[in-house]
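This is a predicted model, so every value here is computed, not measured.
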Amino acid sequence: MVPQRTGAWYVSYGLIAANVAVFIVGMAMGDSLGGGGSGDGLVYRAATLGGNIEYLGEWWRVFTGGFLHHGVFHLGVNMFSLYLLGTALEHSLGKLPFTAVYLSSLVSGSFGALIETPNSLVAGASGAIFGLMGALAALYLTQGVGLFQTPIGPILAINLVISFTVQSVSLGGHIGGLIGGFLVGAAAAQAVRRQQHTTAIPVAAAALVAGFSYVGALWAASRSTVVLIVG
(Lines give C-alpha, C1' and ligand atoms only; values in the text may rest on other atoms or scores of the structure.)
Protein backbone atom coordinates (compact mmCIF):
# COMPACT_ATOMS: atom_id res chain seq x y z
CA MET A 1 0.00 0.00 0.00
CA VAL A 2 0.97 3.63 -0.40
CA PRO A 3 2.63 4.96 2.79
CA GLN A 4 0.38 7.07 4.98
CA ARG A 5 1.98 10.46 5.50
CA THR A 6 -0.68 12.74 6.96
CA GLY A 7 -4.31 12.83 7.99
CA ALA A 8 -4.79 16.56 7.34
CA TRP A 9 -5.80 17.71 3.87
CA TYR A 10 -5.28 21.44 4.19
CA VAL A 11 -3.76 21.97 0.75
CA SER A 12 -6.56 20.11 -1.04
CA TYR A 13 -9.19 22.12 0.78
CA GLY A 14 -7.24 25.31 0.17
CA LEU A 15 -7.07 24.64 -3.57
CA ILE A 16 -10.80 23.95 -3.70
CA ALA A 17 -11.48 27.17 -1.81
CA ALA A 18 -9.19 29.11 -4.16
CA ASN A 19 -10.98 27.79 -7.26
CA VAL A 20 -14.38 28.59 -5.80
CA ALA A 21 -13.25 32.07 -4.75
CA VAL A 22 -11.90 32.78 -8.23
CA PHE A 23 -15.20 31.62 -9.74
CA ILE A 24 -17.14 33.99 -7.48
CA VAL A 25 -14.85 36.87 -8.45
CA GLY A 26 -15.36 35.94 -12.09
CA MET A 27 -19.11 36.09 -11.73
CA ALA A 28 -18.81 39.53 -10.18
CA MET A 29 -16.78 40.58 -13.24
CA GLY A 30 -19.26 39.26 -15.80
CA ASP A 31 -18.78 35.48 -16.05
CA SER A 32 -21.95 33.42 -15.70
CA LEU A 33 -23.16 30.26 -13.97
CA GLY A 34 -23.78 28.64 -17.34
CA GLY A 35 -20.33 29.26 -18.73
CA GLY A 36 -20.91 32.30 -20.89
CA GLY A 37 -20.12 35.84 -19.91
CA SER A 38 -19.17 39.27 -21.10
CA GLY A 39 -15.96 40.22 -22.83
CA ASP A 40 -14.90 41.90 -19.61
CA GLY A 41 -15.22 38.72 -17.53
CA LEU A 42 -12.39 37.01 -15.74
CA VAL A 43 -12.32 34.03 -18.11
CA TYR A 44 -11.70 36.38 -21.03
CA ARG A 45 -9.08 38.26 -19.08
CA ALA A 46 -7.07 35.36 -17.68
CA ALA A 47 -7.81 31.99 -19.33
CA THR A 48 -5.03 30.38 -21.36
CA LEU A 49 -4.82 31.77 -24.91
CA GLY A 50 -1.71 31.56 -27.05
CA GLY A 51 -2.03 34.85 -28.91
CA ASN A 52 -2.40 36.92 -25.75
CA ILE A 53 0.60 35.19 -24.20
CA GLU A 54 2.76 35.69 -27.29
CA TYR A 55 1.72 39.10 -28.61
CA LEU A 56 0.45 40.91 -25.51
CA GLY A 57 2.98 39.49 -23.06
CA GLU A 58 0.27 38.03 -20.82
CA TRP A 59 2.50 35.20 -19.61
CA TRP A 60 0.41 34.71 -16.47
CA ARG A 61 -2.31 33.04 -18.53
CA VAL A 62 -0.16 29.89 -18.48
CA PHE A 63 -0.94 29.69 -14.74
CA THR A 64 -4.24 31.47 -14.21
CA GLY A 65 -6.19 29.40 -16.71
CA GLY A 66 -5.95 26.47 -14.30
CA PHE A 67 -8.00 28.32 -11.69
CA LEU A 68 -10.84 29.41 -14.01
CA HIS A 69 -13.93 27.49 -15.11
CA HIS A 70 -16.58 27.69 -17.82
CA GLY A 71 -19.64 27.65 -15.57
CA VAL A 72 -20.69 26.14 -12.27
CA PHE A 73 -21.07 22.57 -13.65
CA HIS A 74 -17.49 22.64 -14.91
CA LEU A 75 -16.34 23.93 -11.53
CA GLY A 76 -18.37 21.37 -9.59
CA VAL A 77 -17.08 18.36 -11.54
CA ASN A 78 -13.48 19.48 -11.19
CA MET A 79 -13.76 20.31 -7.49
CA PHE A 80 -15.36 16.96 -6.71
CA SER A 81 -12.51 15.25 -8.57
CA LEU A 82 -9.97 17.41 -6.73
CA TYR A 83 -11.54 16.43 -3.42
CA LEU A 84 -11.38 12.70 -4.16
CA LEU A 85 -7.93 12.60 -5.77
CA GLY A 86 -6.33 15.46 -3.88
CA THR A 87 -7.09 14.18 -0.40
CA ALA A 88 -5.83 10.71 -1.36
CA LEU A 89 -2.55 12.00 -2.78
CA GLU A 90 -1.95 14.60 -0.07
CA HIS A 91 -2.58 11.87 2.51
CA SER A 92 0.10 9.74 0.84
CA LEU A 93 2.82 12.27 -0.02
CA GLY A 94 2.41 15.12 2.45
CA LYS A 95 1.56 18.75 1.88
CA LEU A 96 4.61 20.12 0.08
CA PRO A 97 5.15 17.24 -2.38
CA PHE A 98 1.42 17.21 -3.12
CA THR A 99 1.46 20.96 -3.79
CA ALA A 100 4.43 20.46 -6.09
CA VAL A 101 2.61 17.76 -8.05
CA TYR A 102 -0.51 19.88 -8.42
CA LEU A 103 1.15 23.11 -9.54
CA SER A 104 3.62 21.48 -11.93
CA SER A 105 0.77 19.45 -13.48
CA LEU A 106 -1.20 22.66 -13.94
CA VAL A 107 1.67 24.14 -15.96
CA SER A 108 2.26 20.98 -17.98
CA GLY A 109 -1.49 20.90 -18.66
CA SER A 110 -1.31 24.43 -20.04
CA PHE A 111 1.62 23.37 -22.22
CA GLY A 112 -0.41 20.48 -23.61
CA ALA A 113 -3.45 22.68 -24.20
CA LEU A 114 -1.37 25.25 -26.08
CA ILE A 115 0.18 22.55 -28.25
CA GLU A 116 -3.23 21.21 -29.25
CA THR A 117 -5.28 24.41 -29.48
CA PRO A 118 -3.13 27.56 -29.26
CA ASN A 119 -6.03 29.63 -30.66
CA SER A 120 -8.63 28.51 -28.07
CA LEU A 121 -9.52 30.09 -24.76
CA VAL A 122 -8.82 27.25 -22.31
CA ALA A 123 -9.84 27.23 -18.66
CA GLY A 124 -10.18 24.63 -15.94
CA ALA A 125 -8.35 22.66 -13.28
CA SER A 126 -8.56 19.47 -15.36
CA GLY A 127 -4.87 19.48 -16.34
CA ALA A 128 -3.81 19.59 -12.69
CA ILE A 129 -6.40 16.97 -11.76
CA PHE A 130 -5.14 14.63 -14.48
CA GLY A 131 -1.71 15.24 -12.98
CA LEU A 132 -2.98 13.93 -9.65
CA MET A 133 -4.22 10.80 -11.44
CA GLY A 134 -0.82 10.40 -13.07
CA ALA A 135 0.99 10.77 -9.76
CA LEU A 136 -1.26 8.24 -8.02
CA ALA A 137 -0.75 5.84 -10.92
CA ALA A 138 3.03 6.21 -10.55
CA LEU A 139 2.83 5.52 -6.81
CA TYR A 140 0.86 2.33 -7.31
CA LEU A 141 2.91 1.06 -10.25
CA THR A 142 6.18 1.62 -8.39
CA GLN A 143 4.88 -0.61 -5.62
CA GLY A 144 3.80 -3.31 -8.06
CA VAL A 145 0.09 -2.65 -7.60
CA GLY A 146 -1.99 -2.97 -10.77
CA LEU A 147 -3.98 0.15 -11.57
CA PHE A 148 -7.20 -1.80 -12.00
CA GLN A 149 -6.74 -3.28 -8.55
CA THR A 150 -7.33 0.26 -7.29
CA PRO A 151 -10.00 2.91 -7.99
CA ILE A 152 -7.50 4.99 -9.98
CA GLY A 153 -7.49 2.58 -12.95
CA PRO A 154 -11.20 2.83 -13.82
CA ILE A 155 -11.27 6.56 -13.03
CA LEU A 156 -8.32 7.20 -15.34
CA ALA A 157 -9.75 5.01 -18.11
CA ILE A 158 -13.15 6.73 -18.01
CA ASN A 159 -11.58 10.18 -18.05
CA LEU A 160 -9.32 9.31 -20.97
CA VAL A 161 -12.30 8.04 -22.96
CA ILE A 162 -14.12 11.30 -22.24
CA SER A 163 -11.02 13.29 -23.22
CA PHE A 164 -10.78 11.57 -26.60
CA THR A 165 -14.49 11.61 -27.42
CA VAL A 166 -15.94 14.86 -26.06
CA GLN A 167 -15.01 17.83 -28.24
CA SER A 168 -15.53 20.49 -25.58
CA VAL A 169 -12.73 19.23 -23.32
CA SER A 170 -9.04 19.98 -23.78
CA LEU A 171 -7.39 16.70 -24.75
CA GLY A 172 -3.99 18.38 -24.85
CA GLY A 173 -4.48 19.86 -21.39
CA HIS A 174 -5.48 16.50 -19.95
CA ILE A 175 -2.61 14.57 -21.54
CA GLY A 176 -0.08 17.26 -20.64
CA GLY A 177 -1.20 17.28 -17.01
CA LEU A 178 -1.22 13.49 -16.87
CA ILE A 179 2.35 13.23 -18.15
CA GLY A 180 3.64 15.96 -15.84
CA GLY A 181 1.95 14.44 -12.80
CA PHE A 182 3.20 10.96 -13.65
CA LEU A 183 6.80 12.17 -13.92
CA VAL A 184 6.72 13.97 -10.58
CA GLY A 185 4.79 11.11 -9.00
CA ALA A 186 7.39 8.62 -10.21
CA ALA A 187 10.15 10.68 -8.61
CA ALA A 188 8.15 10.91 -5.39
CA ALA A 189 7.45 7.18 -5.43
CA GLN A 190 11.15 6.35 -5.71
CA ALA A 191 11.94 8.68 -2.81
CA VAL A 192 9.21 7.09 -0.69
CA ARG A 193 10.38 3.58 -1.58
CA ARG A 194 13.95 4.40 -0.56
CA GLN A 195 12.75 6.50 2.39
CA GLN A 196 15.18 9.25 1.38
CA HIS A 197 14.56 12.93 0.61
CA THR A 198 10.82 12.32 0.35
CA THR A 199 10.14 16.06 0.17
CA ALA A 200 13.18 17.39 -1.69
CA ILE A 201 13.08 14.92 -4.60
CA PRO A 202 9.45 15.46 -5.67
CA VAL A 203 9.80 19.23 -5.24
CA ALA A 204 12.94 19.25 -7.40
CA ALA A 205 11.26 17.05 -10.01
CA ALA A 206 8.22 19.34 -10.01
CA ALA A 207 10.43 22.39 -10.52
CA LEU A 208 12.04 20.72 -13.55
CA VAL A 209 8.68 19.68 -15.03
CA ALA A 210 7.16 23.11 -14.42
CA GLY A 211 10.18 24.94 -15.85
CA PHE A 212 10.29 22.81 -18.99
CA SER A 213 6.51 23.08 -19.40
CA TYR A 214 6.52 26.85 -18.99
CA VAL A 215 9.20 27.29 -21.66
CA GLY A 216 7.29 24.86 -23.86
CA ALA A 217 4.06 26.76 -23.28
CA LEU A 218 5.68 30.00 -24.44
CA TRP A 219 6.90 28.23 -27.59
CA ALA A 220 3.47 26.70 -28.22
CA ALA A 221 1.82 30.10 -27.69
CA SER A 222 3.99 31.57 -30.44
CA ARG A 223 2.08 29.41 -32.95
CA SER A 224 -1.18 31.20 -32.21
CA THR A 225 -2.83 33.58 -34.67
CA VAL A 226 -5.65 34.78 -32.39
CA VAL A 227 -5.47 37.70 -29.97
CA LEU A 228 -8.36 38.57 -27.65
CA ILE A 229 -8.59 42.28 -26.91
CA VAL A 230 -10.29 42.83 -23.57
CA GLY A 231 -11.80 46.24 -22.91
Between Leu93 and Phe98, what is the shortest heavy-atom contact and its length? CB-N, 4.4 Å
Rounded at 0.5 Å granularity, tell me how far CZ in Phe111 sits from OG1 in Thr48. 13.5 Å
For the CZ atom of Arg194 and the CD1 atom of Ile201, what is their distance to the nearest 0.5 Å? 7.0 Å
Closest heavy-atom contact between Asn19 and Leu15? ND2-O, 2.8 Å
Taking the side chain as C-beta and beyond, is there a heavy-atom pair between Leu132 and Leu82 under 4.5 Å? yes
CD1 of Ile229 to OH of Tyr44, rounded to nearest 0.5 Å, is 14.0 Å
At what distance, to the nearest 0.5 angstrom, does CD1 of Ile16 lie from CG of Asn78? 11.0 Å
Please check this pair: side chain of Arg223 against backbone of Ile115, looking for a donor-acceptor N/O pair closer than 3.5 Å. yes
Would Arg61 and Trp59 count as a cation-pi pair here, with the cationic atom under 6.0 angstrom from the ring centre and within 45° of the axis? no
To the nearest 0.5 Å, how far apart are CG in Leu114 and OG in Ser120? 9.5 Å
Under 4.5 Å between any side-chain heavy atoms of Thr99 and Val203, yes or no? no
Would the distance check show the side chain of Thr64 and the main-chain N or O of Ala46 forming a donor-acceptor pair, the cut-off being under 3.5 Å? yes
Salt bridge (Lys or Arg N to Asp or Glu O under 4.0 Å) involving Glu54 - partner list, sequence neighbours excluded: none
Val101, Leu141, Leu139 screened by side chain to side chain contact (heavy atoms under 4.5 Å, CB included) with Phe182, the one that passes: Leu141
Membership question, hydrophobic clusters at under 4.5 Å side-chain separation (ILVMFWY): are Leu33 and Met79 in the same one? yes
Return yes if some donor-acceptor pair links the side-chain N/O of Glu116 with the main-chain N/O of Gly173 below 3.5 Å, else return no. no
Could you check whether any side-chain N or O of Asn52 sits under 3.5 Å from a backbone N or O of Glu58, counting only pairs where one atom can act as donor and the other as acceptor? no
Is the number of heavy atoms from other residues, nucleotides or ligands under 6.0 Å of Tyr55 OH greater than 12? yes
For Ala187 and Ala205, work out which heavy atoms get closest and say how close. CB-CB, 3.6 Å
Indicate, with yes or no, if Val11 and Val20 share a hydrophobic cluster defined by side-chain heavy-atom contacts under 4.5 Å among Ile, Leu, Val, Met, Phe, Trp and Tyr. yes
On a heavy-atom basis, the closest approach of Ala206 and Ser104 is O-CB, 3.5 Å
Residues, nucleotides or ligands: over 12 heavy atoms within 6.0 Å of Phe212 CZ: no
Out of curiosity, Leu49 CG to Leu56 CG, how far, rounded to the nearest 0.5 Å? 9.0 Å
For Pro202 and Ala188, work out which heavy atoms get closest and say how close. CB-CB, 3.7 Å
Full working for ring-ring contact (aromatic ring centres under 6.0 Å, His included) between Phe23 and Phe67: CA-CA 8 Å; Phe23 185 77; Phe67 288 93; over 10 Å; no
Hey, quick one: are Val122 and Val107 part of the same hydrophobic cluster, counting side-chain heavy atoms closer than 4.5 Å, chains of contacts allowed? no
Spell out, yes or no, whether Ile129 and Tyr13 are grouped together once hydrophobic residues are joined by side-chain heavy atoms under 4.5 Å, including indirect joins. yes
Determine yes or no for a side-chain-to-main-chain donor-acceptor pair under 3.5 angstrom, with Ser12 supplying the side chain and Tyr83 the backbone. no
If we only count heavy atoms from C-beta on, is the Ile179 to Phe130 side-chain gap below 4.5 Å? no
Under the side chain to side chain donor-acceptor pair (under 3.5 Å) rule, collect the residues that match up with Ser224, sequence neighbours excluded. Asn119
